[in-house]
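Numbering of ligands and ligand atoms starts at 1, following listing order.
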Amino acid sequence: MTVELITLQGRGWAIALEPAGSGVPLWRHFGASLAGADAWSLADARPQPPNALDGDLAFAAFNTHGLGWFQQPSLLGARVGDANGEGTDWAQQFVVEHIERGAHSLVITLRDEVAALGLVLHYAIDPASDVLSTHAELENRGAGDFRVDWLAAACVPLPPEARQVLGFAGRWSLEYQQHRETLGIAAWRRDCRRGRNAHDTFPGVMIGTTLADDDAPTWGAHLAWSGNHSLLIEPLTDGRRQLQMGEWLAPGEVVLKAGERYRTPDALLSYSADGLNGLSANFHRHLRTQVLRWPGGRMASRPVHLNTWEAVYFDHDLAGLKALADAAAEVGIERFVLDDGWFHRRADDTSSLGDWWPDERKYPEGLAPLVRHVRGLGMQFGLWVEPEMVNPDSELFRAHPDWALQMAGRPLVTGRHQLVLDLSRAEVTDYLFGKLDALLRAHEIAYFKWDMNRDLATAAMGAGHRGRAGYHRHTEALYALLARLRAAHPDVEIESCSSGGARADAGILRHTQRVWTSDCNDALTRIGIQSGFLRFLPPEIMGAHIGPRSSHTTGRTHELAFRAAVALFGHFGVEADLRRLDADERAELTRWIAHHKAWRDVVHHGVLRQGTLGALAWLQSCAEDGSAALVALYRRHEELPRYSPALPVQGLAPARRYRAQALHLPALHHARHSAAVFEALRAGTLELSGAELATLGLPMPPLPPESAVVVGLRAVT
Ligand code: GLA
């Protein structure tokens with residue numbers, strides 16, 4: 001028996017669904033490319049299993065509970081407050097209304113007349129990046145309310161051999177830690193209920209046959225949403241697994257009235273035959289073209305930052321900050337970002353959030369003198385804000401205590417001494433817009449560092465503080481506020497910060513242009529944090545700063561070269577008191593900033609690859625046209641081998657020749673590092689072909705622990 005499969009073909013992969021009469025199409029393929037054949041027609045060959053319901057259900061694009069599907073359904077919901085009774089319509093069965101096929105898109109419109117529900121499933125593949133976006137939209141066509149507890153944004157199959165999973169866990173100052181697990185018979189699941197996508201779980205997962213860096217089938221899924229989420233991988237009865245992801249909904253959070261709809265966030269899915277690095281390259285490309293909205297429509301070279309946080313914390317004084325700005329301009333900083341501590345009576349983290357005007361004690365003439373000074377030095381000015389929050393000790397809270405999220409009869413739960421504002425109220429977002437807009441009108445501010453420093457608890461929205469859970473509405477209102485601000489001030493860039501990297505995803509990146517990756521600036525720890533971040537998100541949005549010699553989160557000390565070599569692959573900056581550097585340190589920092597400026601366009605537009613070999617970790621970014629590459633090798637701790645292995649560099653043109661120039665080679669006190677090849681590397685006289693670099697590799701010197709070598713390669717032929 002043959003049928004015509006419904007396929008969507010990307011550059012390097014494809015999906016295929018099998019029509020199932022009037023029923024929801026069945027999943028047949030989700031992986032390797034189907035290019036090369038005109039028609040794919042073999043129908044599913046599934047005999048009726050013994051001791052099963054007659055007409056055992058096959059895995060479809062959308063699966064519902066109650067009529068014979070026993071795994072996690074794509075929809076969990078029931079009618080509430082209906083004239084025909086409570087709790088009805090919990091078992092649904094959708095039929096196809098119509099299927100719309102475009103060159104790169106597929107829209108399946110479904111209905112369930114018994115449950116009075118409409119459903120639309122959207123699939124769009126972006127051939128340039130090979131990322132498939134999916135979402136679902138449910139409509140209540142009945143008279144009574146319909147309560148939604150779960151609606152999958154993606155529900156896709158993984159083949160039996162895809163058993164290795166790479167998940168992301170973390171905590172404050174240790175974000176994006178990668179955990180490899182082997183899938184078994186139990187389901188693999190990660191939920192986030194913190195109202196931001198949180199330090200402890202990133203809304204993304206990668207699954208592979210081997211999870212190799214470069215050459216094995218690998219699947220990835222990422223939810224473009226900055227609130228609660230759920231990721232599930234569950235075995236099916238046919239040996240495959242289903243992957244579902246979507247927004248985690250609190251009980252009663254989404255109740256659709258007659259005619260209302262709930263649309264899931266977008267799930268971004270991809271496949272690569274080239275391992276984790278191939279998959280990362282797909283996600284990077286997609287984010288670069290589809291999500292990131294740069295002022296002017298195109299990313300300008302990322303300006304090097306000086307952030308004042310670790311330099312002065314709350315201790316702001318105008319003369320000192322001007323001196324810091326002078327020191328910053330001298331070493332080549334391009335954007336001066338005034339962090340927390342500048343606004344009305346803010347002396348520490350116990351007060352003032354909500355009062356977004358300058359502290360009259362620290363800035364008697366407002367921010368203008370500092371902004372003028374910074375602009376006069378040729379730098380952009382950036383400012384820290386945390387608009388979603390209010391301290392109980394603030395003018396705003398004293399005037400409007402009811403604007404903070406709270407629950408009648410429940411304790412007022414604070415975090416870092418602060419409460420969350422109810423962004424579902426127009427007067428709240430109008431107030432915030434007014435304050436931010438006034439700052440932008442009064443000063444030449446190029447950039448906001450938009451922070452968010454606590455989880456959402458007591459997130460009830462609505463009158464009398466007895467309303468429904470408001471996680472979803474908070475996230476939507478946040479996006480709307482950011483969009484309103486960007487519409488009014490299209491040239492302003494915004495950074496998404498959340499106690500470091502607790503709000504980083506493709507949803508927030510529709511409204512922001514940078515992520516503060518972590519409050520940890522310890523270079524050794526950062527290698528792992530940044531490695532996890534870069535799995536999904538591109539380097540140009542990864543805030544990466546050279547911190548002080550001694551890290552404020554770990555207490556470990558590192559030489560400037562190691563700190564700089566690690567920060568070099570992100571959106572580079574410095575977060576230390578430059579006034580305290582001696583002349584040698586200032587000269588060295590100036591050199592590193594110059595290196596970054598010389599190489600940032602390669603790193604920020606290039607194809608990034610990463611890998612580890614024992615205690616060695618490497619990164620390489622290669623220009624799309626193969627004209628240049630930047631390569632770094634980091635040694636985390638000591639190991640037995642006496643030598644470092646040569647490092648293959650991929651992505652260059654085999655026949656072209658490249659000049660290799662070490663940006664940094666560490667001094668080795670006990671090793672003979674006078675090998676001619678390393679001298680040539682240091683002198684910038686070593687030339688190698690792209691073929692040699694790919695196969696024999698770039699020679700690498702032995703490295704002491706917690707050090708790095710960085711080499712730039714530029715085509716000379
Ligand atoms: C958060 C951020 C830091 C800094 C402080 C200021 O922790 O992650 O970078 O801005 O807030 O209070």
Side-chain angles (χ1 to χ4, degrees), residues 170-176 194-200 202 226 305-316 321 324 335-356 358-359 362 381-391 393-394 414-420 436 439 445 447-456 493-505 508 512-522 525-526 529-530 533 541-548 551-554 563 567 570-577:
R171 62 161 163 79
W172 175 72
S173 82
L174 197 64
E175 296 87 339
Y176 319 116
R194 293 177 182 274
R196 51 176 171 172
N197 47 31
H199 294 106
D200 52 358
F202 174 82
S226 317
H305 280 198
L306 181 283
N307 184 288
T308 61
W309 181 237
E310 286 195 49
V312 300
Y313 294 103
F314 294 103
D315 193 9
H316 292 203
L321 286 166
L324 186 60
R335 183 185 277 163
F336 182 92
V337 181
L338 187 66
D339 209 285
D340 195 355
W342 62 269
F343 48 96
H344 182 61
R345 303 193 74 78
R346 178 81 159 173
D348 52 36
D349 65 7
T350 61
S351 77
S352 308
L353 293 173
D355 301 345
W356 300 113
D359 188 334
K362 299 177 189 172
F381 186 82
L383 191 65
W384 181 95
V385 288
E386 195 178 357
E388 295 150 81
M389 300 292 158
V390 64
N391 285 115
D393 181 6
S394 66
T414 48
R416 208 194 187 202
H417 314 284
Q418 61 202 54
L419 301 167
V420 186
L436 299 172
L439 284 164
I445 296 174
Y447 174 91
F448 274 140
K449 175 177 176 180
W450 185 296
D451 210 337
M452 196 284 198
N453 277 308
R454 58 158 288 178
D455 299 323
L456 265 65
E493 288 185 15
I494 302 178
E495 174 175 62
S496 172
C497 173
S498 185
S499 321
R503 195 157 66 189
D505 65 89
I508 202 79
T512 58
Q513 292 73 37
R514 191 189 206 245
V515 171
W516 181 228
T517 315
S518 175
D519 280 349
C520 176
N521 286 322
D522 175 314
T525 310
R526 268 275 179 154
I529 294 172
Q530 295 183 177
F533 182 98
I541 60 143
M542 180 177 77
H545 294 172
I546 299 175
S551 158
H552 74 158
T553 56
T554 64
R563 285 175 276 148
H571 180 171
F572 193 72
V574 182
E575 189 162 339
D577 192 348

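- At least one N/O-N/O distance between K449 and ligand 1 falls below 3.5 Å.
- Between H545 and ligand 1 there is no heavy-atom distance shorter than 4.0 Å.
- Tested against R503 for a salt bridge (charged side-chain N to carboxylate O under 4.0 Å, His left out), the candidates E388, E175, E386 yield a single pass: E388.
- In this structure, a donor-acceptor pair under 3.5 Å is present between the side chains of S226 and D505.
- Counting atoms of ligand 1 from 1 in the listed order, those under 4.0 Å from a heavy atom of W516 are 8 (O), 9 (O).
- Taking a cut-off of under 4.0 Å to the non-hydrogen atoms of D339, the atoms of ligand 1 that pass are 4 (C), 6 (C), 10 (O).
- Close approach to C497 involves these atoms of ligand 1, each under 4.0 Å from a residue heavy atom: 2 (C), 8 (O).
- Between D519 and ligand 1 there is a heavy-atom distance shorter than 4.0 Å.
- Close approach of ligand 1 to D340 is summarised as follows: ligand atoms under 4.0 Å from at least one heavy atom of the residue are 6 (C), 12 (O).
- The S499 neighbourhood of ligand 1 comprises atoms 7 (O), 8 (O), with distances under 4.0 Å to a heavy atom of that residue.
- No more than 12 heavy atoms of other residues, nucleotides or ligands shown are found within 6.0 angstrom of CZ on R345.
- Counting the atoms of ligand 1 from 1 in the order shown, those under 4.0 Å from a heavy atom of G500 are 8 (O).
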Verdict with reasoning, D519 to W516, per side-chain hydrogen bond (donor to acceptor under 3.5 Å, both in side chains): CA-CA 8 Å; D519 280 349; W516 181 228; 3.0 Å; yes
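- The nearest non-hydrogen atom to atom 2 (C) of ligand 1, considering only L353, V385, D451, N521, comes from D451.
- When heavy-atom distances to ligand 1 are checked against a 4.0 Å cut-off, D349 has no atom that comes that close, whether in backbone or side chain.
- For a threshold of 3.5 Å applied to N or O pairs, the pair formed by R416 and ligand 1 contains at least one separation below that value.
- The distance from the CD atom of Q418 to the CG atom of D393 is 12.5 Å, given to the nearest 0.5 Å.
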Step by step, work out the side-chain hydrogen bond (donor to acceptor under 3.5 Å, both in side chains) result for H552 and Y313. CA-CA 12 Å; H552 74 158; Y313 294 103; 2.8 Å; yes
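- Here the CG atom belonging to D340 is positioned 8.0 Å from the CG atom belonging to N453, to the nearest 0.5 angstrom.
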